[in-house]
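Please read the structure below before turning to the comments.
Lettering of chains follows the sequences in order, A, B, ..., and the numbering in each one begins at 1. We use all heavy atoms of the structure for the numbers below, so side chains are in, but hydrogens, waters and symmetry mates are not.
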Protein chains: 2
Amino acid sequence: MTRKIPQSTVRRLSHYLRSLEGFEGSGGTISSEELAARGQTTAAQVRKDLSHFGSFGKRGLGYQVDELRARLRQILGIDRSWRVGLVGAGRIGLALFDYPAFQARGYDCVAIFDADPAKIGEAWGEQTVRSPDVFEEVLRELDVELVILAIPASAAQEMAERAVEAGVKGILNFAPIRLNVPPKVPVQDVNLVMELEALSFAISQAERNA
Amino acid sequence: MTRKIPQSTVRRLSHYLRSLEGFEGSGGTISSEELAARGQTTAAQVRKDLSHFGSFGKRGLGYQVDELRARLRQILGIDRSWRVGLVGAGRIGLALFDYPAFQARGYDCVAIFDADPAKIGEAWGEQTVRSPDVFEEVLRELDVELVILAIPASAAQEMAERAVEAGVKGILNFAPIRLNVPPKVPVQDVNLVMELEALSFAISQAERNA
DNA sequence: CTACATTTGTGAAGTTTTTCACAAACAGCG
DNA sequence: CGCTGTTTGTGAAAAACTTCACAAATGTAG
Ligand SMILES: NC(=O)c1ccc[n+]([C@@H]2O[C@H](COP(=O)([O-])OP(=O)(O)OC[C@H]3O[C@@H](n4cnc5c(N)ncnc54)[C@H](O)[C@@H]3O)[C@@H](O)[C@H]2O)c1
Ligand SMILES: NC(=O)c1ccc[n+]([C@@H]2O[C@H](COP(=O)([O-])OP(=O)(O)OC[C@H]3O[C@@H](n4cnc5c(N)ncnc54)[C@H](O)[C@@H]3O)[C@@H](O)[C@H]2O)c1
């Protein structure tokens, strides 16, 4: 039933969940058609995506909003909270730390690290910026499962290795390099330059074909 | 020769370009094999990707690094500079504005807008934060082609429409909503919550199958 | 209880993307 | 020059993903 799930399916599941969250009327139901209309996809795609994980709709009716929401959370692994370590208290790090949507989804920043002596000791909300010297130690102690790397590319590989060594289960990487870590530790890369390039490509392509 | 290019191909082209940039020896050549090793893909994939846009390798030798780099820039539409308007001088907006890699790739921030009266008039580098009141006017005057939306979801649709109205050619959108704009204006969404969810999904999935 | 109007879940068909495999092109060398 | 060892470019095969289409459920109305 649940084997190799396409990455595109996972992205759509996130969309579905977001759609459902902006959807009051807890008792109601929603059809694959309606759900498809909110994301830009098709009803068949919605049903196929969900069918990878079981069948939790009622024929003739659709999906119970409450239940589907809960089921999606479970599938995406956010029916619990995640202990997150933020590495790099720079500009991106700050933006992420302050972003309420993460907390709301169960991503809980429990430690912040930065190599800059001027930043170590700074108070960020309830957290204090710590030195990378105590990285592994703190990750272990606080049981950190996810790490966000918001540090320069030159430091990313080393910190990734140290994070893996300390038992971290996954890495969200903002540095523009490909991390080399054991395959059991998933890495999700965020590369904003690439997004901009996709955009200028799309524009240029349209102009070329015009 | 150049028709409908897969989005995945575009992403890989960005990777190839980045690999080549961290590659001195301007006179040298590189084979599809070597290029594949740097991104995590295959030699055949590299060749197929490039073949969409013509054939600019030499059999038996590989690709001339200089030429390939230039060709990739041209394909991605960054063999020129782009005039970018930043909408939202908040935390994400600041991080992006300060990010040198954008400038380096030819993305030139020529105007900043924010609705917060406290921010209007603030100096950011050579720019001054402007009021949304003069949005269309300034976009037109400065010939802004790309807009980065780093504003709350509640304001994003309106500003997107106004940007399109003012002749903008593409939108990079950080707000977690799906913008409704004419199809001639490409929109690239960045959704960090989704990236985290992909990560926790991957971890949970691995655990389930364990 | 039966006919009816929906809407799911899912094989099968269709489409897109990746991988394979090999002829054609090229440099180097004897 | 012709032979050799590479490496490209590309049809064809394979795999992955999406769309189609319809039987099976399910609530509703009569
Ligand atoms: N700012 C952006 O818009 C942006 C966009 C895309 C990607 N990125 C990438 O994100 C990363 C961070 O960017 P930024 O703009 O926040 O940079 P930044 O310079 O503002 O912050 C980086 C921080 O990391 C700290 N640091 C360096 N080495 C460290 C280590 N070993 N351990 C802990 N902390 C360490 C530095 O002291 C600094 O405070 C970079 O890789 C950058 O390429 C940034
Ligand atoms: N901070 C993050 O890490 C993060 C991550 C992912 C997505 N986002 C998204 O990016 C967007 C911005 O996030 P942020 O954290 O920078 O928020 P922020 O509140 O720090 O900044 C938003 C800024 O936009 C301004 N603004 C509001 N309406 C405007 C308008 N009509 N025109 C111009 N400016 C306007 C506000 O005055 C504010 O300065 C939000 O949609 C958020 O969901 C943020």
Output one letter per nucleotide in nucleotides 21-30 of chain C: B when a protein non-hydrogen atom lies under 4.0 Å from the base, S when only the sugar-phosphate is that close, - when neither is. B-BBBBS---
Check the side chains of A:Gln103 and A:Asp108 for a donor-acceptor pair under 3.5 angstrom, ignoring hydrogens and angles. yes
Nucleotide C:dT18, atom C1' - distance to CD1 of B:Ile5 in whole Å: 15 Å
When you match B:Ile30 and B:Lys48 each to their closest nucleotide on DNA chain D, which lands nearer the 5' end? B:Ile30
Could you tell me the separation between the CG atom of B:Leu50 and the C1' atom of D:dT8, rounded to a whole number of Å? 10 Å
Does A:Ile75 offer a backbone N or O that forms a donor-acceptor pair with the side chain of B:Arg208 under 3.5 Å? yes
Both A:Ser8 and B:Tyr63 contact DNA chain D. Which one's nearest nucleotide lies toward the 5' end? B:Tyr63
For atom CD of B:Gln45 and atom P of D:dT8, their distance in whole Å: 14 Å
Let me know the distance between CG of B:Leu35 and C1' of D:dG9, rounded to the nearest Å. 15 Å
Write down the distance between CG (A:Asp49) and P (C:dT10), rounded to a whole number of angstrom. 14 Å
Distance below 4.0 Å between A:Ser55 side-chain N/O and C:dG9 OP1 or OP2: yes
Basic-acidic side-chain contact under 4.0 Å: B:Glu67, B:Lys58: no
Rounded to whole Å, how long is the line connecting atom NE2 of B:His52 with atom P of D:dT8? 17 Å
Using a strict 4.0 Å threshold on nitrogen-to-oxygen distance, state whether B:Glu195 and A:Arg11 make a salt bridge. yes
Taken to the nearest whole Å, CG/B:Leu68 to P/D:dG9 is 10 Å
Non-hydrogen atoms of A:Ser19 and A:Leu35 that approach each other most closely: CB-CD1, 4.2 Å
Should A:Arg162 and A:Glu158 count as an ion pair when the cut-off is N to O under 4.0 Å? yes
All ring-ring contact (aromatic ring centres under 6.0 Å, His included) counterparts of A:Tyr63, not counting sequence neighbours: none
Taking any heavy-atom pair under 4.0 Å as a contact, classify B:Ser32: base, sugar-phosphate, or nothing. sugar-phosphate
Could you state the atom-to-atom distance from CG of B:Leu13 to P of C:dT18 in whole Å? 11 Å
